[in-house]
There are 2 protein chains.
Amino acid sequence: MVPESIRRAGVPEATVGRLPLYLRALTTLHDQGITSIASEELASRSGVRSTQLRKDLSHLGSYGVRGVGYDVELLAAQIAQELGLTQEWPVVIVGMGNLGRALAAYGGFSGRGFRIVALVDDDPEVVGTLVEGLRVMTLADLAAKGPTVAIGVITTPAPAAQTVAQNLVRMGVRSILNFAPGHLNVPDGVDVRGVDLATELQILAFHEQRRLLAVSTHDPLQEGTDSEAMG
Amino acid sequence: MVPESIRRAGVPEATVGRLPLYLRALTTLHDQGITSIASEELASRSGVRSTQLRKDLSHLGSYGVRGVGYDVELLAAQIAQELGLTQEWPVVIVGMGNLGRALAAYGGFSGRGFRIVALVDDDPEVVGTLVEGLRVMTLADLAAKGPTVAIGVITTPAPAAQTVAQNLVRMGVRSILNFAPGHLNVPDGVDVRGVDLATELQILAFHEQRRLLAVSTHDPLQEGTDSEAMG
DNA sequence: ATGACTTTGTGAACGCTTGCACAAAGTCGC
DNA sequence: GCGACTTTGTGCAAGCGTTCACAAAGTCAT
């Protein structure tokens with residue numbers, strides 16, 4: 001068994017990105033009353049290969065039983081701990097447009113490791129109103145007399161996002177989830193993840209176009225040169 | 001110069017994922033009246049290294065001028081063509097909850113390669129109502145008498161997502177953007193991209209926790225660094 | 001207790017992605 | 001026209017992530 005300090009430092013980024021997937025599948029299994037599961041089945045439900053699942057899990061220790069599989073509850077607890085979901089992270093949503101309100105109304109936060117503790121907007125018409133039981137405040141209010149937050153969610157229009165990010169960083173936020181299109185410039189040590197509708201659609205469009213072109217042109221070159229190793 | 005058939009087959013997936021980033025930066029530059037830009041500057045605005053930008057662009061041909069840089073308008077047009085944005089892809093949004101309505105109201109679709117041509121829900125209270133100028137229909141309506149769609153956006157609750165996906169595939173949709181949590185099971189040849197709020201937050205939480213643990217366990221790297229440097 | 005069977009955990013090979021170093025190809029001042 | 005300078009495009013090496021193959025370690029029937 002690997003020492004904890006080494007193992008924790010060594011979880012690859014790609015694995016971290018899949019742990020939430022596994023956790024969700026395990027939660028569903030738990031709700032269905034299933035107490036034990038093999039890697040093959042869990043991988044299938046998560047949309048990955050079983051070898052990848054096992055390698056991923058090997059990075060956080062050996063929690064499986066050979067010949068049997070994994071204890072659903074135990075594994076879920078281990079992943080939750082690895083992801084830091086044993087505590088509740090305070091979240092602020094900045095930007096009370098349609099998307100910001102939709103996120104505020106989304107129930108998937110509380111009880112799953114996150115709690116919305118503040119809502120922010122700069123429109124005087126919106127500031128002071130109640131949204132989902134929380135009173136909307138300005139960024140200045142948040143910095144001066146608001147609760148401390150660990151994670152900032154930006155749902156403002158694109159031009160405001162950079163300034164908002166700077167303000168959040170100044171008040172100590174080091175994890176930002178950005179729904180505004182475009183790249184945010186932040187100091188080292190601040191973690192930004194971007195969720196961009198346009199980007200995702202454009203990637204889909206690329207593949208859609210490639211499919212159409214492949215059908216319409218019947219290009220034999222693609223079969224010959226490109227690696228055709230697919231099941 | 002490489003023949004088009006080979007070059008098109010050879011664009012790596014990682015590059016495709018960054019092309020929208022470059023395109024956005026170029027659009028912004030164009031709006032600012034800038035007509036030419038070097039890879040160093042464009043990379044900086046896109047949040048990537050200049051060598052990576054150049055290698056990415058090399059996969060779609062040589063559109064730069066050595067000693068000068070890239071023509072903003074020309075490069076934007078080339079990327080747009082590569083991504084298949086010269087035509088308008090018809091999009092359907094399934095699920096008229098808060099998120100679905102927010103996306104329907106989002107202006108970033110039309111004029112940028114996508115147009116929402118149908119809105120779908122299964123709630124009798126919602127079907128038939130007007131949302132953003134479109135009349136909400138059922139999936140059955142869409143299949144029977146709706147417009148053809150190329151891309152389906154799923155914003156339903158999680159339990160309905162799998163069934164919706166199957167219906168979309170059955171009516172010929174091969175590109176799906178899924179906002180519902182969980183993994184969708186689709187036939188080969190169908191492209192699913194998942195956008196999951198919980199996953200993104202959990203990844204942030206992982207890094208946030210790792211930072212806190214690093215500080216509390218006396219890591220000299222993290223101490224006394226009050227990051228004040230920002231552009 | 002034992003042998004057949006199941007499933008995990010992991011070293012090794014493979015492929016994809018990124019970063020480096022540098023030649024190629026252009027511009028610009030004079 | 002020419003040399004100095006700038007910037008692109010790319011072969012190559014290093015690093016990372018995924019997949020394969022298989023030993024290790026357990027269960028279960030008898």
Side-chain angles (χ1 to χ4, degrees), chain A residues 1-3 6-7 9-19 21-22 25-26 29 34-72 74-75 78-79 82 203 207 225-231, chain B residues 1-3 6-7 9-19 21-22 25-26 29 34-72 74-75 78-79 82 203:
Chain A
M1 182 86 66
V2 188
I6 291 181
R7 133 177 117 59
V11 180
E13 195 56 33
T15 295
V16 174
R18 283 186 294 266
L19 289 181
L21 228 65
Y22 306 149
L26 286 167
L29 287 166
I34 299 172
T35 61
S36 177
I37 188 155
S39 66
E40 194 69 48
E41 174 74 11
L42 180 55
S44 157
R45 293 183 183 229
S46 305
V48 303
R49 311 247 172 239
S50 65
T51 65
Q52 182 157 73
L53 169 65
R54 291 202 299 276
K55 177 139 292 197
D56 282 342
L57 294 184
S58 78
H59 288 120
L60 24 147
S62 298
Y63 299 110
V65 180
R66 301 182 186 216
V68 175
Y70 299 89
D71 182 89
V72 170
L74 173 64
L75 185 56
Q78 282 301 331
I79 294 179
E82 192 70 29
I203 295 173
H207 293 298
T225 50
D226 206 4
S227 50
E228 191 67 26
M230 283 191 86
Chain B
M1 182 89 63
V2 188
I6 291 181
R7 127 177 123 57
V11 180
E13 196 55 33
T15 294
V16 175
R18 282 185 295 267
L19 288 182
L21 229 65
Y22 306 149
L26 287 168
L29 287 167
I34 299 172
T35 62
S36 176
I37 188 154
S39 67
E40 195 69 48
E41 174 73 12
L42 180 56
S44 158
R45 292 183 183 230
S46 306
V48 303
R49 310 251 172 234
S50 65
T51 66
Q52 182 158 73
L53 169 65
R54 290 202 299 275
K55 178 144 296 196
D56 282 343
L57 294 184
S58 79
H59 287 119
L60 23 148
S62 299
Y63 299 110
V65 179
R66 302 184 186 215
V68 175
Y70 300 88
D71 181 89
V72 170
L74 174 64
L75 185 56
Q78 281 302 331
I79 294 179
E82 190 70 28
I203 294 172

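The side chain of Ala38(B) sits closest to dT8(D) out of dG9(C), dG17(D), dT8(D). Across dA21(D), dG26(C), dG17(D), the shortest atom-to-atom separation from the side chain of Pro12(A) is found for dG17(D).
As rounded to whole Å, 10 Å separates atom P of dG9(C) from atom CG of Leu60(A). Protein atom CG of Leu42(B) is 12 Å distant from nucleotide atom P of dG9(D), rounded to whole Å. A straight line from CG of Leu53(A) to C1' of dG17(D) spans 15 Å, rounded to a whole angstrom. dG9(C) atom C1' lies 14 Å from atom CG of Leu75(A), rounded to whole Å. Atom CZ in Arg49(B) sits about 20 Å away from atom P in dG9(D), given to the nearest Å. With rounding to whole Å, Glu13(A) atom CD is found 12 Å from dG17(D) atom C1'. What separates CD of Gln52(B) from P of dT10(D) is a distance of 16 Å, to the nearest Å. Between Leu57(B) atom CG and dT18(C) atom C1' there is a gap of 15 Å when expressed in whole angstrom units.
Residues Arg18(A) and Gly67(A) each lie close to DNA chain D; by heavy-atom proximity, the contact nearer the 5' end of the strand is made by Arg18(A). Between Ile37(B) and Asp56(A), the one whose closest nucleotide on DNA chain D sits nearer the 5' end is Ile37(B).
Residues Tyr70(B) and Leu26(B) have side chains not in contact (no heavy-atom distance under 4.5 Å, counting atoms from C-beta outward). Residues Ser46(A) and Leu53(A) have side chains not in contact (no heavy-atom distance under 4.5 Å, counting atoms from C-beta outward).
Side-chain N/O atoms of Tyr63(A) include none lying less than 4.0 angstrom from OP1 or OP2 on dT7(C). For Ser39(B) and dT8(D), the shortest distance from a side-chain N or O to OP1 or OP2 is below 4.0 Å. Between dG9(C) and Arg54(A), no contact under 4.0 Å exists linking OP1 or OP2 to a side-chain N or O.
Counting heavy-atom neighbours within 6.0 Å of Glu40(A) CD, excluding the residue itself, gives a total of 12 or less.
With rounding to the nearest 0.5 angstrom, the CG atom of Leu21(A) is 10.0 Å from the CD1 atom of Ile79(A). Distance check, rounded to the nearest 0.5 Å: CZ of Arg18(B) to CG of Leu57(B) gives 10.5 Å.
For Lys55(B) and dG9(D), a side-chain-to-base donor-acceptor distance below 3.5 Å is absent, hydrogens and geometry of angles not being considered. For Arg66(B) against dT8(D), a side-chain N or O and a base N or O form a donor-acceptor pair under 3.5 Å.
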